[in-house]
Amino acid sequence: MKAWLVVNTFMRTVKFNNLYNMLSLAFKKHNVDLEVKTASDISLEVNQPILNKPDFALFWDKDIYLAKRLENEGIKLFNNAKAVELCDNKILMYQELARCGVRIPRTFIAPKTFEGLNYTSRDFVDNVINEIGLPLVIKEAYGSFGEQVYLANSKEEANKIIDQIGYKDFLMQEYIANSKGRDIRVNVVGDEAIVSMYRENLYDFRSNISNGGTGKRYEPKQKYLDLAIKAAQALDLTFAGVDVLFGEDDEPIICEVNSNPQFASTLSFTGVNLGEYIADYIMSLTIKRGLIVYDFKDALRNKWFVNKCLEELNNKSTSLSFIHEAQLDDYLAKNSDSTNYVIYRGRNHQLVASLEAKGIKVFNNALTNKLANDKYQTYEFLLDHDLPCIKTTLDFSNINHFPAIMKSVSGHGGEEVYLIEDKDDPQYETLLKENPDLTFIYQEFVQNNGDVRVYVLNHKVVVAIKRVNPHNYRNNFSLGGEVSVYQLSPEMEEAAIKVSELLDADFIGVDFLLSDNGFMINEIEDPVGCRMVYQATNIDIVSLFCKHVKNNI
């Protein structure tokens, strides 16, 4: 997996480079190459497509234009562009926190002015002071590390600060005296408060470590943690440094929320490397989640296949759960958005189509499932594409030579396949009466030397297995057929691959009948059983299939 660490083009101090190294090392533990990128590395041209996109990007900058551009190109960002924008602009941040019911200091936004005009009238300052009194905290909309944050003890000081601000946007807040020079930095990742640090500055009303404050690991009351988590959620942050003030009666108040916190000080004072928690959580979000689906009866018979897939596909990058087909609708009603892929081992092509309509990758697709489980449609498909096949009819009266084969269009594993000896064979009428809901096809019996199942994975032949049953006209392995590895002719291999490519199938079996006159395609198998491969070879075909799944989700 490839990812970018997007950083500012110009902010490359030792402190920031150390942080970038910490993040890179944390992701390396997940086998993720976190490549450091700046805006100029990516491309500055507006209409230039971004090439060689990463699987996701860790956005450690405040360049909102770049963040939105990356998202417009379909790159997943942590944190996302909107969250970074809200945190970068304190006015927007406090508005959103207030809208979501998060407790903040009483906050007033200065009216908008423009360069060259500045704040020529100060009546609004008088109104705020009359409302909340002095001292008055003044914050520019943009600023980090406690900079651009001022304390005015008088109206005169407030006006001097505003003169210094010039035309830039700012806000005014009540001063939380109980929290003078101290606060709690709560580091949130996901929906969890990972570690907290008590910060104190004896010489400044701001507690920031970069302004001379000190820190220590701290276990605040749960209400402080809950408020910090609520603030991070309100701003839709994957990770955040949340600064919480001590209000009156020990009530927590949100001071600020940081979308890309400098956590070197947290490591120094608490011993906790937040980079590792961030990496762990983001990787949990990027895991591709899937299901393997069987009906109840087939699941019992194919327990080994299920367990093998679960073993192969439950790791750091993918997860897989087993579910019975009857439970699928209820499961997806709650988990559709978090389901990325389905290994479908049933025979309901309409169900597959509905999964694909939800944007879920299905192994195999609906077309493959539909054709493979309707033997007459298989025949028409083969005929349409000039592939050698057995002449097939839906009308028994069209059969002129006997014995003949009578099959249900949906049977599998050699089931619902019957040998009709002649036109007057009473078995024909009996089968029709006993199975009024089944559609049958009819084929003249082909004398054969066994049949060959060709396993095609990702449009490449993995192995061919010959089946011979001296005791039954059906060669199926499940009915006692003997199996051995078979060397395909170039023509047979070409035909099998053509079937796979036309269907865009992931993993199928193409069954050939071998006769004195050459070969014919008899059936297409989806889902295809794998027992024969393990019986006759050392090929771990399920493992190969699972690798294909990983590469295509």
Side-chain angles (χ1 to χ4, degrees), residues 286-295 298-299 301-315 317-329 331-332 335-374 378 381 412-413 453-463 496-511 523-534 539-553:
T286 59
I287 285 177
K288 299 293 186 179
R289 304 182 186 280
L291 300 171
I292 181 167
V293 180
Y294 274 96
D295 71 21
D298 285 343
R301 198 158 53 92
N302 293 280
K303 186 176 180 180
W304 183 88
F305 185 95
V306 172
N307 289 336
K308 179 70 173 175
C309 289
L310 292 174
E311 177 185 332
E312 293 277 345
L313 289 166
N314 278 303
N315 51 59
S317 61
T318 59
S319 73
L320 183 69
S321 302
F322 167 75
I323 194 169
H324 287 123
E325 189 168 329
Q327 302 169 317
L328 187 59
D329 285 343
Y331 178 89
L332 290 177
N335 301 284
S336 178
D337 290 343
S338 61
T339 302
N340 305 110
Y341 68 99
V342 170
I343 298 172
Y344 182 63
R345 304 289 288 180
R347 295 173 175 82
N348 184 345
H349 68 88
Q350 292 174 324
L351 173 59
V352 177
S354 71
L355 294 173
E356 291 176 330
K358 297 177 188 294
I360 298 171
K361 167 67 177 175
V362 186
F363 302 87
N364 285 302
N365 60 44
L367 176 61
T368 300
N369 190 275
K370 180 181 180 181
L371 290 184
N373 291 292
D374 186 317
T378 297
F381 165 78
H412 56 275
R453 171 162 295 172
V454 182
Y455 289 84
V456 187
L457 174 63
N458 194 27
H459 312 320
K460 295 181 179 63
V461 170
V462 178
V463 67
I497 292 173
K498 183 176 180 179
V499 170
S500 174
E501 290 177 339
L502 287 168
L503 296 177
D504 194 22
D506 293 286
F507 181 39
I508 56 171
V510 182
D511 291 351
E523 295 181 5
I524 302 169
E525 291 296 322
D526 173 38
V528 57
C530 298
R531 295 182 186 87
M532 292 188 300
V533 178
Y534 290 95
I539 298 171
D540 191 349
I541 196 165
V542 180
S543 179
L544 294 176
F545 167 64
C546 290
K547 287 178 181 176
H548 170 74
V549 171
K550 289 180 191 177
N551 292 334
N552 288 274
I553 55 177

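Computation of the quantities below employed the complete heavy-atom set of this structure, encompassing side-chain atoms and omitting hydrogens, waters and symmetry-equivalent molecules.
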Under a 4.5 Å cut-off applied to non-hydrogen side-chain atoms, are Val499 and Val456 in contact? no

Could you tell me whether Asp540 and Lys308 have a side-chain N and a carboxylate O separated by less than 4.0 Å? yes

Heavy-atom side-chain contact between Arg453 and Val528 under 4.5 Å: yes

Quick one: are Lys460 and Leu544 in side-chain contact, heavy atoms under 4.5 Å? no

Report yes or no: does Thr378 contribute a side-chain atom to a donor-acceptor pair with the main-chain N or O of Leu371 at less than 3.5 Å? yes

Within-4.5 Å side-chain heavy-atom neighbours: Lys550 and Asn315: yes

Residues Asn551, Asn458; criterion side-chain contact (heavy atoms from CB on, under 4.5 Å); working and verdict: CA-CA 11 Å; Asn551 292 334; Asn458 194 27; over 6 Å; no

Taking the side chain from Asn335 and the backbone from Tyr331, do they hold a donor-acceptor pair closer than 3.5 Å? yes

Which class fits the ring pair Tyr294 and Phe322: parallel under 30°, tilted 30 to 60°, perpendicular over 60°? tilted

Below 4.5 Å, heavy atoms only, C-beta onward: do Leu503 and Asn364 meet side chain to side chain? no

Does Val542 reach the side chain of Glu312, with side-chain heavy atoms less than 4.5 Å apart? no

Would a 4.5 Å heavy-atom cut-off, applied to side chains only, mark Asp506 and His548 as touching? yes

Does Asn314 reach the main-chain N or O of Leu320 with its side chain, forming a donor-acceptor pair under 3.5 Å? yes

When every non-hydrogen atom of Gly346 is compared with those of Pro527, the smallest separation belongs to O-CD, 3.5 Å

Test ring-ring contact (aromatic ring centres under 6.0 Å, His included) applied to Phe507 and Tyr344, Phe305, Phe545, Phe363, the passing residue: Phe545

Asn365 (side chain) donor-acceptor with Thr368 (main chain) under 3.5 angstrom: yes

If you define the side chain from C-beta out and look only at heavy atoms, does anything of Leu351 sit under 4.5 Å from Ser354? yes

Which heavy atom of Cys546 sits nearest a heavy atom of Leu313, and at what distance? O-CD2, 3.7 Å

Step by step, work out the side-chain contact (heavy atoms from CB on, under 4.5 Å) result for Asp298 and Arg347. CA-CA 11 Å; Asp298 285 343; Arg347 295 173 175 82; 3.2 Å; yes

Going through the checks in order, is the side-chain contact (heavy atoms from CB on, under 4.5 Å) test met by Val510 and Ser500? CA-CA 9 Å; Val510 182; Ser500 174; over 6 Å; no

